[in-house]
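Here is the naming used below: chain letters follow the sequence lines, and residue numbers restart at 1 for every chain.
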Amino acid sequence: MALLSAAFYKRDTVQVARELLGQRLVRVWRGKRLSGVIVETEAYLGAIDRAAHTWNGRATERVRSMYLAGGHAYVYQIYGLHFCLNVVTRQSGEPEAVLIRALEADSPLKAATNGPGKLCSALRIDKRLDGESLRGPTIFIERARRSLPNEEIGISPRIGVDYAGEAAEWPLRFFWRGNPCLSRRERRSKDGA
DNA sequence: CTAAAGATTGGCT
DNA sequence: GCCAATCTTTAGC
């Protein structure tokens with residue numbers, strides 16, 4: 001399977017977040033291949049986005065890898081317990097990223113991957129992978145299929161960013177509609193979440 | 001230096 | 001629905 005190209009990641013963050021749906025995240029750990037298909041993502045839009053770690057131009061040590069060129073990993077620890085994996089987008093110096101929120105795990109992976117912390121635990125992703133290339137030997141993303149058609153992509157506000165004021169309402173969460181491995185169950189009501 | 005919160009999760013009422 | 005776990009980062013003084 002072909003890796004997603006370097007150019008794929010250097011585009012508009014929302015576009016990358018949508019097109020990552022259906023592609024396969026692969027982690028090579030102790031000679032084993034741990035992988036799953038991406039079914040849920042969120043876009044984080046840099047300085048203008050109060051929900052993003054790089055809001056208002058923040059450039060602290062933690063977020064250094066968000067300033068790398070698109071196609072690198074940004075991994076951070078949350079609540080002292082969990083790690084979250086992000087795909088850095090756009091050009092170097094443009095600190096935007098896509099949070100990977102859920103996977104549909106490939107066999108023989110057994111652990112749950114329906115949440116950003118859970119998928120990192122299942123794929124053995126931690127701070128050591130922060131800043132790594134996503135076209136490297138230990139972690140990469142393969143094209144597993146064509147982009148999903150629009151009607152299969154659900155859209156909602158992002159999860160867990162209530163502190164972000166107006167940005168908390170922005171429709172920047174994308175998910176594969178009806179997939180059983182989403183971090184939250186898809187509601188059938190009109191709000192489309 | 002000190003304090004508070006967090007892009008979460010799992011367990012319990 | 002509510003809350004604690006657990007610790008790094010960040011904001012504030």
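- With a 4.5 Å cut-off on side-chain heavy atoms, Y9(A) and L134(A) count as touching.
- The separation of dG11(B) from dT8(C), taken at their C1' atoms, amounts to 24 Å, rounded to a whole angstrom.
- Judged by atom type and distance alone, Y163(A) does not reach the base of dA5(B) through any side-chain donor-acceptor pair under 3.5 Å.
- Taking the centre and axis of the six-membered ring of Y67(A), the NZ or CZ atom of R64(A) falls outside the cone set by 45° and 6.0 Å.
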### Task
Indicate for each nucleotide in nucleotides 7-13 of chain C, in 5' to 3' sequence, whether protein heavy atoms under 4.0 Å reach the base (B), only the sugar-phosphate (S), or nothing (-).
BSSSS--
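- Residue E104(A) is tested with N179(A), T113(A), N114(A) for a side chain to side chain donor-acceptor pair (under 3.5 Å); the sole match is N179(A).
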### Task
Could you give me the CA-CA distance, side-chain angles and deciding distance for R158(A) and W170(A), then say whether side chain to side chain contact (heavy atoms under 4.5 Å, CB included) is met?
CA-CA 7 Å; R158(A) 292 169 293 183; W170(A) 295 352; 4.0 Å; yes
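- Pair assignment for dA7(B) gives none, since no Watson-Crick or G-U wobble pairing has each distance under 3.5 Å.
- Side chain of Q23(A) to backbone of R145(A): a donor-acceptor contact under 3.5 angstrom is found.
- When ring centroids are compared, Y44(A) and H53(A) stay outside the 6.0 Å threshold.
- Between L119(A) atom CG and dA7(B) atom P there is a gap of 16 Å when expressed in whole angstrom units.
- In this entry the distance linking NZ of K118(A) with C1' of dG11(B) reads 13 Å, nearest Å.
- Pairing of dT6(C), defined by two Watson-Crick or G-U wobble distances under 3.5 Å, is not identified with any nucleotide.
- Rounded to an integer number of Å, the gap from CD1 of I100(A) to C1' of dA7(B) is 12 Å.
- Proximity of I100(A) to T41(A): side-chain heavy atoms (C-beta onward) are separated by under 4.5 Å at one or more points.
- Taking atom C1' on both nucleotides, dT6(C) is separated from dT13(B) by 23 Å, rounded to a whole Å.
- Against DNA chain C, the stretch residues 39-51 of chain A makes no heavy-atom approach under 4.0 Å.
- A salt bridge links E40(A) with R173(A): at least one charged nitrogen is closer than 4.0 Å to a carboxylate oxygen.
- Between E151(A) and R177(A) there is no salt bridge, since no side-chain N of the basic residue sits under 4.0 Å from a carboxylate O of the acidic one.
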